[in-house]
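Here is the structure we will look at.
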Amino acid sequence: MDVMPKWTEVILVPLISLILAAIISALVILAIGEDPIAAVKLMVSGALGSTYGWGYTLYYATNFMFTGLAVAVAFHARLFNIGGEGQAALGGLGVALACLYIPWPHWSLALLGAIVMAGIFGAIWAAIPAYLQAKRGSHIVITTIMFNFIAASLLNYILVNVLRPRGSMDPATARFPEGTHLPTLHDVLAPFGISFSKAAPANITLLVAVLACVLVWVLIWRTRLGYELRAYGHSESAAKYAGISPFKITMVTMIISGGLAGLMAINNVMGEAERLVLNAVEGAGFIGIAVALMGRSHPFGVFIAAILFGFLYQGGAELALWTSIPRELIVVIQALVILFTGALDNMVRMPLERMFLAARRARAPKPERKPVEPAE
């Protein structure tokens, strides 16, 4: 029986962790001679105070939704997929091939083609470490980390030697054709009379990410595969006894996880840059780990955590631009959030569990003691 109510697990524990991270961050900002209250106001106004700021916040959040969902799906099967960087990078290659070599008549068809190609390329890149663990016993953490570096080197070679336009010095593909350009949130909201910044990179991929959250929820909690996946994650031996194949679960879980990470490329490669460049992922694969941890591997939690990290990214960029706070300190603040919501989770959870357990014992009716009758 759970000691704490479900809402404390989903809301209270992450909230307290965030407050602790904010307090430590404020102390660090004070230590370098800056005003933490003014810094928070600047972050809020820069990330949420205009449609331009919202556009960047939602753009970053879209990336983190895909990589967070990728890690969350693997977590449910007790698989630690740290290969989101490489899977998203290879997903970008799939998007580039789909956009450059297929003459799409309309962006909607190009979007469907990019979804398929990004998912396939990301899934293939995740399937190799999955097979190595399922058949050869190689640890999934080690192999997915190493495959990040292999993906970066492979993409570097392809961009420099294969896809780079003739005469160009930039290691990037050519611009995608006009028919593949995705509508921005300005284009999506304009027919409804809602004004939104034209300069912000947020685009229709945000809706794809929200749909992915819904579909992952359906998969995990409303399908037989999701039940098998969760059962395997809770107890491998019990799952094997019930007839669930460890090889099947490992492969299918990692293929879905890699496909979700690959879908991130639709946002940054097709939606924002409109070409494939080096280092397009920009660490979003690793941030997805923190997003999944903070969101408790639940799609709704991932959605909320992704928006929070989108706020931190955009707000941190505003801080670095308009104050003397160095960009490295923004990374420290993000790391503190990750530290408290992930690695130090039990530091918050265990005292709360003791408090709820003590309260439950205090409310429990005490058994009446019967008077002891004297012996005759």
Side-chain angles (χ1 to χ4, degrees), residues 11 14-15 17-30 32-68 182-210 213 264 267-268 271-273 282-284 287-288 290-291 294-295 300-338 340-341:
I11 299 175
L15 181 60
S17 299
L18 276 177
I19 293 172
L20 291 174
I23 292 172
I24 302 298
S25 301
L27 294 176
V28 173
I29 293 173
L30 274 174
I32 65 171
E34 293 286 341
D35 183 1
I37 297 178
V40 170
K41 288 181 179 178
L42 182 57
M43 288 184 70
V44 172
S45 63
L48 308 176
S50 64
T51 58
Y52 176 83
W54 266 109
Y56 271 93
T57 298
L58 292 176
Y59 166 74
Y60 292 128
T62 303
N63 290 336
F64 302 149
M65 283 180 209
F66 285 120
T67 55
L182 297 179
T184 64
L185 284 190
H186 168 80
D187 302 322
V188 173
L189 297 176
F192 301 97
I194 302 173
S195 60
F196 202 87
S197 172
K198 291 183 179 181
N203 57 81
I204 201 168
T205 313
L206 172 64
L207 302 182
V208 179
V210 173
C213 290
M264 188 204 108
N267 187 48
N268 64 334
E272 193 265 335
E282 296 181 332
I287 296 297
V291 169
M294 189 173 183
F300 179 73
V302 167
F303 173 80
I304 298 298
I307 292 178
L308 170 66
F309 275 91
F311 161 78
L312 290 175
Y313 257 63
Q314 174 58 15
E318 293 291 321
L319 271 185
L321 181 63
W322 300 109
T323 69
S324 60
I325 297 176
R327 177 66 185 174
E328 289 75 15
L329 185 59
I330 311 305
V331 178
V332 170
I333 295 173
Q334 294 166 356
L336 285 170
V337 174
I338 296 171
F340 278 94
T341 58

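- Atom-to-atom distance recorded for E318:CD and Y56:OH is 10.0 Å, nearest 0.5 angstrom.
- For M43 against G316, the heavy-atom pair with the smallest separation is CE-N, 4.0 Å.
- Checked against the 6.0 Å centroid criterion, the rings of F309 and Y313 do not qualify as a close aromatic pair.
- Residues F311 and V44 have side chains in contact (heavy-atom distance under 4.5 Å, counting atoms from C-beta outward).
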| Going through the checks in order, is the side chain to side chain contact (heavy atoms under 4.5 Å, CB included) test met by F64 and L308? | CA-CA 10 Å; F64 302 149; L308 170 66; over 6 Å; no
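- Smallest separation of non-hydrogen atoms from V291 and G68: CG1-CA, 4.1 Å.
- Between Y59 and N268, the closest side-chain pair of non-hydrogen atoms falls below 4.5 Å.
- Interatomic distance, L30 CG to D35 CG, rounded to the nearest 0.5 Å: 7.5 Å.
- Side-chain atoms of S197 never come within 3.5 Å of backbone atoms of T51 as a donor-acceptor pair (strictly under, hydrogens ignored).
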Pairs of donor and acceptor atoms involving the side chains of residues 18-25, under 3.5 Å and at least two apart or interchain, shall be tabulated with distances.
from: S25; atom 1: OG; to: A21; atom 2: O; distance (Å): 2.7

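- A distance of 12.0 Å separates CG in L58 from OG1 in T205, rounded to the nearest 0.5 Å.
- Residues L206 and M65 have side chains in contact (heavy-atom distance under 4.5 Å, counting atoms from C-beta outward).
- For A47 against G315, the heavy-atom pair with the smallest separation is CB-N, 3.8 Å.
- Shown here for A305 and G295, the closest heavy-atom pair between the two residues is CB-N, 4.2 Å.
- Taking all atoms of both residues into account, the shortest heavy-atom contact from F303 to C213 is CB-SG, 4.3 Å.
- The local environment of CD1 in I37 is sparse, with at most 12 non-hydrogen atoms from other residues, nucleotides or ligands closer than 6.0 Å.
- Under the side-chain hydrogen bond (donor to acceptor under 3.5 Å, both in side chains) criterion, N267 pairs with N63, N203, not counting sequence neighbours.
- Of all non-hydrogen atoms in A200 and G55, the two that sit nearest each other are CB-CA, 3.4 Å.
- Not one N or O on the side chain of T57 forms a donor-acceptor pair closer than 3.5 Å with the backbone of Q314.
- Atom CD of E272 and atom CG of L182 lie 11.5 Å apart (nearest 0.5 Å).
- I29 is linked by a side-chain contact (heavy atoms from CB on, under 4.5 Å) to E34, P36, A39, I325, L329, I333, counting only residues two or more places apart in sequence or in another chain.
- Here the side chains of Y60 and L312 are not in contact, with every heavy-atom distance at 4.5 Å or above.
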